[in-house]
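Report on the structure given below.
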Amino acid sequence: MIKNRKVGIIGAGAVGASAAFSLAIMGTCREIVLFDIAEGVAQGKAIDIAQATHYSTKPTLITAAQSPADVKECDIVVITAGVPRKGDMTREDLLMINAKIIKSVTEDIMKYSPNAIILSVSNPLDVMTYTIAQITGWERNRIIGMAGALDGSRMAYQIRKKLGFGAARVGALVIGDHGENMIPLPQKANVGDVPLPDLLSKEDMEEIINRTKNGGAEIVGHLKTSGYYGPGRAIAFMVEAILNDSKAVVSSSVLLSGEYGHSDVCVGVPVVLGSNGVEAIVEMNLDDDLKKKFDTSVKTVKNGIDILKNNNFFN
Ligand code: APR
């Protein structure tokens with residue numbers, strides 16, 4: 001249950017700070033505490049964001065934690081800590097490095113915010129969410145991966161660009177893994193309550209699927225680093241849904257237990273977000289083609305999980 005409207009953000013890099021800024025502008029939280037392992041990062045950003053709140057309509061206390069122990073009694077802890085893939089690192093190297101970071105961060109959360117809901121953001125998203133679920137052993141409603149909220153916003157952007165209208169009224173759902181086998185569902189989207197298939201051709205929708213999948217890479221192509229405003233805003237939206245008990249339906253990576261025919265894996269599916277975290281998993285009817293795509297997506301995530309298992313990570 002939500003007590004203090006206090007949110008911890010572990011990893012005050014580009015994404016963590018953007019989430020904090022977005023939350024501070026909206027005045028969603030009573031308190032936000034930032035922590036980063038790199039000296040000065042959380043402190044500097046906390047001061048900057050705190051000063052920005054002067055123009056917010058609702059106050060938010062923004063602080064920097066000196067140590068993980070200061071991220072305490074949070075209702076929600078967002079994990080954006082991790083390292084990006086560098087030079088000669090294989091995907092497997094990156095997976096092991098980030099899993100170790102996530103493990104130590106998660107153990108601190110269990111100690112200092114034992115009742116929190118954890119919002120997992122670090123990549124590879126679905127495998128890291130699974131890692132958190134395994135390490136905590138908490139009820140699955142308290143471990144939520146942020147991916148579909150971002151990928152959905154990226155698909156909505158592509159739909160708006162294609163149509164030239166529909167701002168803020170585009171429903172856009174993306175399920176599956178947060179990677180190359182994600183499944184954007186324009187055929188199930190609508191614009192101001194009008195079904196998208198009534199507005200766009202099959203070819204247009206195919207293009208939207210490809211552009212959505214390529215949404216992150218497109219930004220990297222321009223910036224040479226991944227996006228952060230979109231992820232930050234998506235995190236803030238999910239935090240708001242939980243703190244305000246809004247029961248919003250948002251695609252999120254959660255531990256499946258038979259839903260969609262899969263178990264022991266975290267992957268993106270539509271869920272109801274409220275003050276208990278994931279309050280329900282929404283099961284849609286998927287036709288045979290989509291079922292196949294979903295199974296492939298699950299397989300990719302399981303391959304990542306197997307790397308951790310084969311390295312005895314969970315023993
Ligand atoms: N504890 C706290 N902070 C840590 C730790 C740790 N153990 N290890 C790394 N960090 C911090 C880094 O110091 C850095 O400031 O995590 C931050 C990550 O920030 P960026 O490198 O700017 O990365 P960002 O773009 O914010 O992405 C963060 O979110 O979307 C995902 O793929 C992305 O996994 C990545 C994460």
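In listed order, ligands and their atoms are each counted from 1. Because the structure is predicted, anything quoted here is derived from the model rather than measured.
With sequence neighbours left out, the side chain to side chain contact (heavy atoms under 4.5 Å, CB included) criterion links Arg30 to Asn4, Arg5.
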Does ligand 1 have any N/O atom under 3.5 Å from a protein N/O, and what are those pairs and their distances?
residue	atom	partner	partner atom	Å
ligand 1	3 (N)	Ile37	N	3.3
ligand 1	13 (O)	Asp36	OD1	2.6
ligand 1	15 (O)	Asp36	OD1	3.3
ligand 1	15 (O)	Asp36	OD2	2.6
ligand 1	22 (O)	Ala14	N	3.0
ligand 1	26 (O)	Ala14	N	3.1
ligand 1	26 (O)	Val15	N	2.7
ligand 1	32 (O)	Asn123	ND2	2.6
ligand 1	34 (O)	Asn123	N	2.9

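Within 6.0 Å of the NZ atom in Lys247, the count of heavy atoms belonging to other residues, nucleotides or ligands exceeds 12.
Tyr130 has its ring centre less than 6.0 Å from the ring centre of Phe314.
Salt bridge present: Glu207 and Lys162 bring a charged side-chain N and a carboxylate O closer than 4.0 Å.
Only one option out of Leu150, Val170, Ile208 pairs with Met155 in a side-chain contact (heavy atoms from CB on, under 4.5 Å); it is Ile208.
Side-chain N/O atoms of Asp126 and Thr129 include no donor and acceptor closer than 3.5 Å.
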